Amino acid sequence: MASLPVQFTRNHFSSPFFSVKLRREPRSLVTVVHCSAGENRENGDGIKKSLLPIKELGSIACAALCACTLTMASPVIAANQRLPPLSTEPDRCEKAFVGNTIGQANGVYDKPLDLRFCDYTNDQTNLKGKTLSAALMVGAKFDGADMTEVVMSKAYAVEASFKGVNFTNAVIDRVNFGKSNLKGAVFRNTVLSGSTFEEANLEDVVFEDTIIGYIDLQKICRNESINEEGRLVLGCR
């Protein structure tokens, strides 16, 4: 096993065989990474000493450090994978009753519609027909609620509970239902375009006259919690 000595500074990693430098472009969020491997050197007698095996090892290490460097030097990319802090507004849950008034279908907003961990169990009036585009719904409870004609475009509903929810005539577009509980939910004449249900509970879910793209249908059919009747309605093979 070979080892390479490496020196670390804030924007520079170096060794005798390779160098990685970071440079932030002015007025840009892009970080430029320059990686170079060492060249063959001459000894005191003027004879070139081959460093080919070490140079190749240095090149591999250089590439690995580049990947690591980009990860550490790209806070914007990392930040996009995390949700914003939980809203401290005392009436944040009640904002679902108004909805995302400027968001419409594309989920554009001046501030997030933060419904995380809110409880709307058995709500039969306040959510019906609302626009909840780009809403954050992690851990929220909608069990038994009437969400007919609701618009949930680009919502993030991971690990939420929608047991028995009525989604009749709703638009469920690009919603992430990962690990959510939708047991007994009703999707009747519902648009389910681009939505994902990875590891979600779809037991006894009603799919009737639902509009689903072919690729989306294939993904839903992989969910083993769907009963035989549901698979028959969906046309799963």
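All values reported here derive from a predicted model rather than from experimental measurement. Note that these values count all heavy atoms, side chains included, but never hydrogens, waters or copies made by symmetry.
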Tabulate below the donor-acceptor pairs under 3.5 Å that side-chain atoms of residues 155-163 make, not counting sequence neighbours, or state none.
from, atom 1, to, atom 2, distance (Å)
S161, OG, D143, OD1, 2.5
S161, OG, D143, OD2, 3.3

Donor-acceptor pairs are to be reported for all side-chain atoms of residues 206-215 against protein atoms at under 3.5 Å, with residues two or more places apart or in another chain.
from, atom 1, to, atom 2, distance (Å)
E208, OE1, R188, NE, 3.4
T210, OG1, F187, O, 2.8
T210, OG1, E208, N, 3.4
Y214, OH, Q218, NE2, 3.2

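Using a 4.5 Å cut-off between side-chain heavy atoms of Ile, Leu, Val, Met, Phe, Trp and Tyr, with links allowed through other members, I172 and V233 fall into the same hydrophobic cluster. Note on V98 and Y120: separate hydrophobic clusters, where clusters join Ile, Leu, Val, Met, Phe, Trp and Tyr whose side-chain heavy atoms are under 4.5 Å apart, directly or indirectly.
The two residues I220 and L234 have their closest heavy-atom pair at CG2-CD1, 4.0 Å. Smallest separation of non-hydrogen atoms from F167 and T190: O-OG1, 2.7 Å. Taking each heavy atom of N201 and E203 in turn, the nearest pair found is OD1-N, 3.0 Å. Of all the heavy atoms in R237 and R231, the pair that sits closest is O-NH2, 4.2 Å. Shown here for N100 and S133, the closest heavy-atom pair between the two residues is ND2-O, 3.0 Å. Among all heavy-atom pairs drawn from M147 and A170, the shortest one is O-CB, 4.0 Å.
The backbone N or O of E198 sits nowhere less than 3.5 Å from a side-chain atom of T196 that would complete a donor-acceptor pair. Under the 3.5 Å distance criterion, the side-chain polar atoms of D123 are matched with a main-chain donor or acceptor of T125. Of the possible polar contacts, none joining the D146 side chain to the K128 backbone as a donor-acceptor pair under 3.5 Å is found. In this structure, N122 contributes its side chain and Q124 its backbone to no donor-acceptor pair below 3.5 Å. Of the possible donor and acceptor atoms, one in the side chain of S195 sits under 3.5 Å from a partner among the backbone N and O of V175. A donor-acceptor pair under 3.5 Å is absent between the side-chain atoms of S180 and the main chain of A200, judged by distance alone.
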D114 vs L86, side-chain contact (heavy atoms from CB on, under 4.5 Å): CA-CA, chis, key distance, verdict: CA-CA 7 Å; D114 196 345; L86 190 67; 3.8 Å; yes
List the steps and the verdict of side-chain contact (heavy atoms from CB on, under 4.5 Å) for L132 and V150. CA-CA 7 Å; L132 304 177; V150 75; 3.9 Å; yes
When you look at V186 and T168, which way does the side-chain contact (heavy atoms from CB on, under 4.5 Å) test go after all the steps? CA-CA 7 Å; V186 177; T168 298; 4.1 Å; yes
Just do the side-chain contact (heavy atoms from CB on, under 4.5 Å) check on C93 and F117 with the steps written out, would you? CA-CA 9 Å; C93 292; F117 308 107; over 6 Å; no
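Summarising the geometry, atom CG belonging to N169 is positioned 7.5 Å from atom OG1 belonging to T148; distances are rounded to the nearest 0.5 Å. The distance from atom CG of N176 to atom CE of M137, rounded to the nearest 0.5 Å, is 12.0 Å. Within the model, atoms CG of L232 and CG of N227 stand 10.0 Å from one another, a figure rounded to the nearest 0.5 Å.
Under the 4.5 Å side-chain criterion, counting only non-hydrogen atoms from C-beta, L192 is in contact with F197. Under the 4.5 Å side-chain criterion, counting only non-hydrogen atoms from C-beta, P84 is in contact with L136.
Counting only residues at least two apart or in different chains, disulfide bond (SG atoms under 2.5 Å apart) contacts with residues 158-237 comprise C221-C236.
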